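Heads up: the structure comes next, in structure tokens.
Throughout, a chain's letter reflects where its sequence line sits, starting with A, and its residues are numbered from 1. As the structure is a computational prediction, the values presented were derived from the model and not from experiment.
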Number of protein chains: 6
Amino acid sequence: MNNELKVLIGSSNKSLGTEICNLIGIPKCKTFTTRFSNDNLFVQILESVREKDVFVIQSLYPDPSNSLVELMLICDALRSASARRITAVIPHYSYARSDKKDKPRISIAGKLIADVLITSGVNRFLTMNLHSEQVRGFFTVPTDHLLSEPVITNYLKKLDLSNTVALLDLGQQKREGNFAKKLAIPLAVINKERISDTRVEIKQMIGSVKGKDVIMFDDEISRGTSMVAAVNLMKEQGARDVRMVCTHGLFAGTAINLISKSPVTEIITTNTVEISPEKRLDKITLLSVAPLFAEAIKRIHTGDSVSALFEEK
Amino acid sequence: MNNELKVLIGSSNKSLGTEICNLIGIPKCKTFTTRFSNDNLFVQILESVREKDVFVIQSLYPDPSNSLVELMLICDALRSASARRITAVIPHYSYARSDKKDKPRISIAGKLIADVLITSGVNRFLTMNLHSEQVRGFFTVPTDHLLSEPVITNYLKKLDLSNTVALLDLGQQKREGNFAKKLAIPLAVINKERISDTRVEIKQMIGSVKGKDVIMFDDEISRGTSMVAAVNLMKEQGARDVRMVCTHGLFAGTAINLISKSPVTEIITTNTVEISPEKRLDKITLLSVAPLFAEAIKRIHTGDSVSALFEEK
Amino acid sequence: MNNELKVLIGSSNKSLGTEICNLIGIPKCKTFTTRFSNDNLFVQILESVREKDVFVIQSLYPDPSNSLVELMLICDALRSASARRITAVIPHYSYARSDKKDKPRISIAGKLIADVLITSGVNRFLTMNLHSEQVRGFFTVPTDHLLSEPVITNYLKKLDLSNTVALLDLGQQKREGNFAKKLAIPLAVINKERISDTRVEIKQMIGSVKGKDVIMFDDEISRGTSMVAAVNLMKEQGARDVRMVCTHGLFAGTAINLISKSPVTEIITTNTVEISPEKRLDKITLLSVAPLFAEAIKRIHTGDSVSALFEEK
Amino acid sequence: MNNELKVLIGSSNKSLGTEICNLIGIPKCKTFTTRFSNDNLFVQILESVREKDVFVIQSLYPDPSNSLVELMLICDALRSASARRITAVIPHYSYARSDKKDKPRISIAGKLIADVLITSGVNRFLTMNLHSEQVRGFFTVPTDHLLSEPVITNYLKKLDLSNTVALLDLGQQKREGNFAKKLAIPLAVINKERISDTRVEIKQMIGSVKGKDVIMFDDEISRGTSMVAAVNLMKEQGARDVRMVCTHGLFAGTAINLISKSPVTEIITTNTVEISPEKRLDKITLLSVAPLFAEAIKRIHTGDSVSALFEEK
Amino acid sequence: MNNELKVLIGSSNKSLGTEICNLIGIPKCKTFTTRFSNDNLFVQILESVREKDVFVIQSLYPDPSNSLVELMLICDALRSASARRITAVIPHYSYARSDKKDKPRISIAGKLIADVLITSGVNRFLTMNLHSEQVRGFFTVPTDHLLSEPVITNYLKKLDLSNTVALLDLGQQKREGNFAKKLAIPLAVINKERISDTRVEIKQMIGSVKGKDVIMFDDEISRGTSMVAAVNLMKEQGARDVRMVCTHGLFAGTAINLISKSPVTEIITTNTVEISPEKRLDKITLLSVAPLFAEAIKRIHTGDSVSALFEEK
Amino acid sequence: MNNELKVLIGSSNKSLGTEICNLIGIPKCKTFTTRFSNDNLFVQILESVREKDVFVIQSLYPDPSNSLVELMLICDALRSASARRITAVIPHYSYARSDKKDKPRISIAGKLIADVLITSGVNRFLTMNLHSEQVRGFFTVPTDHLLSEPVITNYLKKLDLSNTVALLDLGQQKREGNFAKKLAIPLAVINKERISDTRVEIKQMIGSVKGKDVIMFDDEISRGTSMVAAVNLMKEQGARDVRMVCTHGLFAGTAINLISKSPVTEIITTNTVEISPEKRLDKITLLSVAPLFAEAIKRIHTGDSVSALFEEK
């Protein structure tokens with residue numbers, strides 16, 4: 001790519017950032033990040049970005065608050081340093097989960113954080129698999145919303161799915177239902193109720209998984225408790241292999257421990273969030289979304305269609 | 001209520017507006033609406049609204065564009081006439097259906113229309129059963145989101161539901177699932193696919209409705225085609241009575257004709273949209289949400305909690 | 001023109017749009033427009049407009065509200081699809097008539113609609129013969145204001161004007177007075193009073209038209225009642241031929257019928273508003289402003305002066 | 001009035017400000033204004049305005065730039081000092097004359113100055129007889145637009161107008177035409193052309209003034225050259241007495257000298273602009289608009305209708 | 001105080017918040033704060049704040065990023081819950097240190113964070129001893145800037161200062177110089193150079209401290225390295241007692257250890273930042289600013305002058 | 001430079017503007033400036049600036065209010081004439097002195113004026129030696145802040161400084177202290193107190209200047225009173241030559257007279273403010289900053305680093 005394009009990598013997901021830079025074929029833009037003695041974050045951009053088209057790669061996990069503030073400081077510094085355009089590339093926009101007011105007097109943080117980033121100088125967003133499709137409406141600047149589906153479907157198609165059932169959650173996005181359609185496998189539905197942020201109770205099961213291989217879909221695995229509970233239920237119902245597919249694999253808290261002891265056959269996820277080597281269990285299959293992001297960045301930079309990357313979008 | 005409160009009624013739902021004014025116990029604020037010879041809309045407020053707390057009641061159906069422009073003109077005139085606060089009361093915010101980008105290069109109109117109304121002077125919104133919970137995040141000013149559920153549940157509880165199954169759509173909002181929980185009736189799930197705006201194909205049915213009474217839930221009935229198709233399917237599957245519950249009964253195009261010929265037992269809906277007398281079939285039960293709106297307006301005016309109106313919110 | 005330029009045509013004036021595209025020498029940008037079953041408008045842009053310089057041609061007549069909402073949806077979709085610049089080309093900006101508060105508690109809609117379009121993503125405007133010059137100050141983004149005068153003067157100069165008087169209205173814009181100066185013909189003045197949107201009363205006539213040919217000027221003919229009344233008065237005063245010149249020929253309601261029965265000799269107007277074939281009376285001379293718009297669009301796109309198109313501007 | 005109301009007087013028209021304070025019955029809010037050694041203006045508010053409803057009286061003449069900057073500094077200081085509401089009371093908004101783009105590449109300053117004052121903290125405007133009605137649309141916050149007509153008509157009605165003709169300018173606002181209607185006197189029309197800011201050429205005269213008393217109307221007299229030319233023409237046409245009526249009497253440059261030597265019978269104007277004692281010729285009748293402003297300020301403060309002050313508005 | 005006033009306490013400085021509430025005599029507004037399983041912060045306001053005047057107490061230390069995001073979420077939730085006014089009370093606004101661009105391509109975070117809080121719904125600020133006076137200009141909404149000086153001066157005046165010298169830093173704010181003037185003690189000046197965020201080198205000493213007691217002033221002590229270096233230098237120069245005065249005592253990292261081993265006689269600071277019990281060395285004198293904040297909150301709520309609290313301001 | 005770049009010169013500092021244009025090698029953009037008969041300023045841009053990158057050179061001294069309003073009108077006209085980017089080049093931003101609230105209820109005009117210029121269309125700023133570094137945070141658009149230091153240091157290095165002391169003011173910016181460091185000369189410190197805008201009292205002197213040459217530094221000399229007082233004190237203290245260095249030489253009021261009679265050896269200043277020929281005393285050395293501005297404009301236009309111009313920035 002020409003020298004008008006700069007890619008800057010925040011601290012939250014350096015390996016994905018590096019992979020993207022390599023795929024585009026440019027070095028990452030140099031920065032210096034530290035903390036003042038009073039713990040305020042400090043970021044300096046070490047090369048001129050005047051009139052450049054700058055992409056900043058930063059997932060908002062782990063450490064959402066510091067990742068966010070770091071991204072804000074970077075974008076404000078870029079704006080003040082006369083960057084021509086600033087695109088926040090947020091592979092995992094964790095605040096998207098706060099997308100509604102299901103309790104009184106709470107913040108719809110998915111909207112607030114988008115506004116705050118725009119105040120900080122962001123001119124456009126590039127993100128992946130937002131918790132709900134509607135969150136895209138929270139971004140009041142042009143936004144490209146990538147989907148991990150091509151990468152995941154591609155992987156799943158290589159498996160033997162002849163005896164497989166897709167298990168959906170009642171109330172789950174149509175997006176997840178599309179997998180079953182694309183893979184041409186039948187559906188079963190489970191009715192869970194979230195008791196608290198970490199506890200889930202299973203109310204009802206519609207359809208049978210007896211003797212079947214099961215694939216479950218979610219956008220995010222955090223502490224893994226609800227996933228493990230669903231896997232156990234499937235096993236109790238007589239399921240054979242149980243696979244879990246998700247875009248954002250956070251594996252927070254004791255998730256890795258829970259998963260390693262769980263009868264789940266395989267967890268298929270992507271690298272939107274950095275997964276440290278010690279978390280990479282054998283049963284976790286890690287697919288890279290770097291090629292999708294690299295291609296999208298190139299197309300945004302040159303003004304080519306991004307939606308053309310996805311057949312059905 | 002004191003004389004600081006003014007309620008102004010747009011042209012789209014005069015009967016609901018009148019009912020609300022009566023319940024609050026104030027006369028409606030006088031206005032004059034006409035069209036210029038060049039078809040531009042013209043609205044004049046005929047009484048002083050200086051420093052008043054003004055509520056404008058206007059659903060965005062029927063005739064969404066003219067209803068919207070009329071609401072914009074009213075709010076701009078109120079602002080310029082020094083109203084202290086302008087609350088757009090939109091019982092049916094029809095544009096909420098456009099809440100995501102499921103095709104490339106379209107407008108998320110649910111967001112755009114909210115922004116445009118704020119540009120026109122709206123200081124806060126009061127609305128009911130938005131198509132999805134996330135749409136609330138599209139309103140960047142304080143917004144109260146009423147639910148028709150108390151009114152509807154109240155009605156349903158009087159029916160004999162001992163033999164009843166709630167039929168949910170795969171991918172339907174948790175909100176609809178809550179009815180079943182509240183009414184303590186079991187669930188079945190249907191997997192439909194929307195082929196076009198008016199055609200729906202049924203892919204799969206999970207659970208049995210044979211010999212059962214069925215209740216289906218949706219937020220809006222427009223042309224009725226997808227509802228009638230679902231009713232027919234239920235009948236084919238051996239269902240006894242089939243009831244349809246929805247908040248916003250538009251009954252657009254040939255809906256009334258379709259419904260009158262359909263084997264549906266009862267359609268339970270509310271008056272968020274004006275239903276003309278000739279559309280009021282015997283099998284349509286029309287519940288009034290005016291008491292909820294009147295109470296909410298009073299509470300907003302006096303600064304009392306609105307969420308306290310809803311137990312679970 | 002290069003491939004960075006896109007011209008998109010709304011539904012209100014397709015023939016003018018097509019003529020402009022032909023003159024520029026590019027195909028129109030493909031779109032798909034429909035209504036949802038709930039009557040909400042839906043627009044999809046069918047080709048990539050990423051980083052393009054897009055001009056949207058849409059008069060706000062006929063059906064001002066739907067024309068406006070369609071234009072809003074188009075511009076919002078373009079913005080979200082990453083168009084580089086969005087120019088709303090509004091040959092007839094009908095809301096310009098609402099340019100003052102001549103009654104208390106009304107909207108100055110000419111300002112409101114401009115703001116609302118900017119909220120929808122419009123980056124600049126291109127329009128023609130606004131009802132008053134001051135309306136240009138309502139547009140807070142760069143705006144080019146074309147005048148139909150060169151096209152009209154050009155036509156009038158070919159007529160024999162040796163016995164002609166220009167009839168002005170008391171209080172009419174200096175713009176209309178300029179015609180008389182350019183054509184070097186004497187003036188007479190009429191003092192009318194607008195009783196309502198469609199009724200006009202003539203108070204006083206200053207100067208004589210006896211035995212003279214008369215040319216009257218207005219920016220817009222809508223229902224034609226005031227024009228026909230003026231023609232009749234001229235005839236009563238002994239005028240020979242009476243011609244009417246206007247930029248925006250709406251011919252609303254029964255205008256065509258009124259005109260066909262009126263003794264007016266000729267109505268000279270332009271195609272800023274689409275005139276259906278059945279309205280094209282022999283005595284209506286239709287001049288095309290497409291060459292002016294095509295040239296302006298080309299100059300805006302390439303960064304050349306637009307005011308240079310008009311000697312006196 | 002209660003102690004929530006504060007009236008602050010800028011330097012441009014202290015006598016009008018003082019008269020208004022006296023009529024309202026409150027002392028003016030204390031301020032200290034000076035210039036730094038580098039000629040920057042400095043204003044300090046000397047009493048607490050926290051949560052007060054503050055009106056700042058400042059005409060933008062004489063010395064428009066310094067009057068404007070002083071007003072900006074006052075409003076910004078008030079905002080930062082937590083005033084509850086800041087109303088800029090601008091009896092003469094001189095920039096209203098720049099209300100259109102009659103030359104390419106100029107500022108529509110009437111719009112710009114309004115925006116700049118809003119940026120400086122102005123929450124609403126109160127002004128009088130803007131150069132054109134459309135300028136009101138330039139104010140994007142609530143604005144009350146007073147008219148001097150009641151004061152002037154009241155005065156004129158006491159004169160013997162039995163032999164009087166109202167002389168209007170071709171292209172003059174309908175507002176001026178209204179005087180003739182209210183006073184029930186006939187019209188004549190003059191067609192002038194402005195050659196430059198100070199030179200006017202008279203093209204044509206429609207109607208006769210021979211042996212008549214003439215009243216001419218304008219919103220502003222600045223250097224008086226165009227007015228004196230019109231008076232002379234009327235005299236040449238055989239007029240008897242010639243009176244000039246205007247709201248804003250600036251009497252700039254050599255105006256007073258010109259007027260004293262001119263055959264004009266009387267100039268009727270108001271005190272929107274401060275007229276120094278040496279300019280108060282016998283033939284200048286100075287009417288006070290202070291009662292109108294005092295009443296408007298009281299009504300704005302208490303939330304009563306301002307338009308009710310004017311019958312026809 | 002009346003029931004219109006609500007004080008809400010964030011997690012960063014609960015003891016100061018509690019002290020303020022006690023002084024005002026109202027209970028703190030109930031909230032619930034937690035983290036989602038994906039580490040996103042979550043805050044819910046547990047009582048109605050509709051139309052209330054809400055003050056949120058939150059220092060931006062310790063843990064500046066999480067304190068900031070918590071404050072943003074609280075304010076957004078309050079706005080959406082229809083609070084009438086939201087005042088962010090930030091006793092220590094740590095980002096104020098980033099108030100200039102002393103390196104290229106950095107963020108002036110002191111400005112950015114203020115903007116971001118305004119985006120989150122903050123209507124006004126109440127803060128204390130900003131790092132520089134100019135930072136106040138970064139807040140574009142009304143802001144009250146308290147000074148700890150009355151509290152500190154009051155304490156110092158009780159000491160025997162007959163043999164004392166005030167040691168100022170070259171380039172230190174006039175604010176610090178004022179102490180010497182108020183206490184009527186002579187000055188000495190030290191010229192330090194900051195090598196890095198934690199290392200300071202002493203270049204020059206102007207004036208003598210031999211045999212004198214020394215008082216040094218700073219706005220903030222973070223890791224204490226530069227303070228301890230200055231104390232040591234004073235001792236080398238023959239100073240007797242050395243006291244350090246600062247408003248914001250962060251005592252970050254190993255500060256407490258450094259201080260306990262240092263020959264400093266006394267550190268006089270305030271409770272703008274929470275100091276945990278184990279950090280409260282005998283030589284640290286902790287003065288409370290709660291009375292100042294409580295008084296300021298009461299005055300802001302009732303609309304009384306805050307500047308009247310400070311003689312010279 | 002290419003023909004995309006336009007430099008426009010306001011009235012305040014035409015000689016600097018002309019020098020900059022000559023150094024860049026382009027003619028100045030033609031404009032016409034006058035006053036209306038009512039004293040309103042009027043500016044017209046006489047050549048097309050459509051899609052051009054325009055730099056407007058205007059110091060805000062002399063006559064700050066008129067200079068400001070002229071700059072506002074120019075920028076608004078440029079925006080409306082479709083300039084691609086408007087950079088306000090303000091060599092002396094005089095309002096920067098108002099950078100804090102050292103009295104209650106005043107405007108921080110340094111912030112206000114920046115906001116007002118942005119409202120007028122300014123897209124970026126280029127300025128020099130702002131009164132304090134923090135003022136840069138008042139500009140919410142990209143801003144380049146040049147320093148006169150390279151020009152001044154270059155000149156000073158040619159002098160014999162072997163016997164020289166730098167005299168700093170207590171509380172003076174670190175920026176001034178840097179001169180001493182760069183020139184490797186020792187420091188003395190003076191403690192002055194500003195009694196009013198023109199009177200300064202000297203409290204204390206730390207360090208000795210006896211028999212030494214003294215250099216004093218300030219950002220601005222306005223009426224010269226405080227400078228002359230300091231020179232006299234230095235002489236009383238036995239100083240030999242006394243030099244004054246400042247960036248902005250206003251020489252307001254009687255400054256030139258005071259200076260000519262003062263024992264000051266040399267005043268070294270720059271041409272950020274126009275100095276009329278009669279003010280150019282022999283002891284005033286005038287250095288040109290035009291090369292710095294010309295280079296910065298070229299770099300901004302082509303997108304090269306501006307900070308690279310200054311080693312330590």
Please round to the nearest 0.5 Å and tell me the distance separating atom CG of F:Leu78 and atom CD1 of D:Ile106. 13.0 Å
Pick from F:Thr119, F:Ile45, F:Val49, F:Ile221 with the largest number of heavy-atom pairs that fall under 4.5 Å of chain D: F:Ile45
Please report the interatomic distance CG(F:Asn66) to CG(D:Asp39), rounded to the nearest 0.5 Å. 11.0 Å
Please round to the nearest 0.5 Å and tell me the distance separating atom CG of F:Asp76 and atom CD1 of D:Ile113. 8.5 Å
Between D:Asn38 and F:Ser222, do the side chains contain a donor N or O and an acceptor N or O under 3.5 Å apart? no
Between D:Ile108 and chain F, which part of the residue has a heavy atom less than 4.5 Å away: side chain, backbone, both or neither? backbone
Please classify the contact of F:Leu250 with chain D as side chain, backbone, both or neither, using a heavy-atom distance under 4.5 Å. side chain
Rounding to 0.5 Å, atoms OH (F:Tyr95) and CZ (D:Phe42) come to a distance of 13.5 Å
Quick check: do F:Ser48 and D:Arg105 have side-chain heavy atoms less than 4.5 Å from each other? yes
Any heavy-atom pair between the side chains of F:Met72 and D:Leu68 that's under 4.5 Å? yes
Are D:Leu112 and F:Ser120 side-chain neighbours, meaning at least one heavy-atom pair lies under 4.5 Å? yes
Chain F contact via D:Leu73 - which portion, at a heavy-atom distance below 4.5 Å: both
Working for side-chain contact (heavy atoms from CB on, under 4.5 Å), residues F:Val43 and D:Ser107: CA-CA 8 Å; F:Val43 186; D:Ser107 167; over 6 Å; no
Heaviest contributor of heavy-atom pairs below 4.5 Å to chain F, chosen from D:Glu47, D:Lys111, D:His248, D:Glu70, is D:Glu47
Distance, nearest 0.5 Å, that separates NZ of D:Lys103 from CZ of F:Phe32: 8.5 Å
Given that the side chain runs from C-beta out, which part of D:Leu46 has a heavy atom under 4.5 Å from chain F: side chain, backbone, both or neither? backbone
Interface moiety of D:Val116 toward chain F, non-hydrogen atoms closer than 4.5 Å: both
With side-chain hydrogen bond (donor to acceptor under 3.5 Å, both in side chains) as the test, would you mind laying out the steps for D:Ser65 and F:Ser65 before giving the verdict? CA-CA 5 Å; D:Ser65 297; F:Ser65 298; over 6 Å; no
Among side-chain atoms of D:Ser94 and F:Asn40, is any donor-acceptor pair under 3.5 angstrom? yes
Need one label for D:Glu220: side chain, backbone, both or neither, based on atoms under 4.5 Å from any heavy atom in chain F. side chain
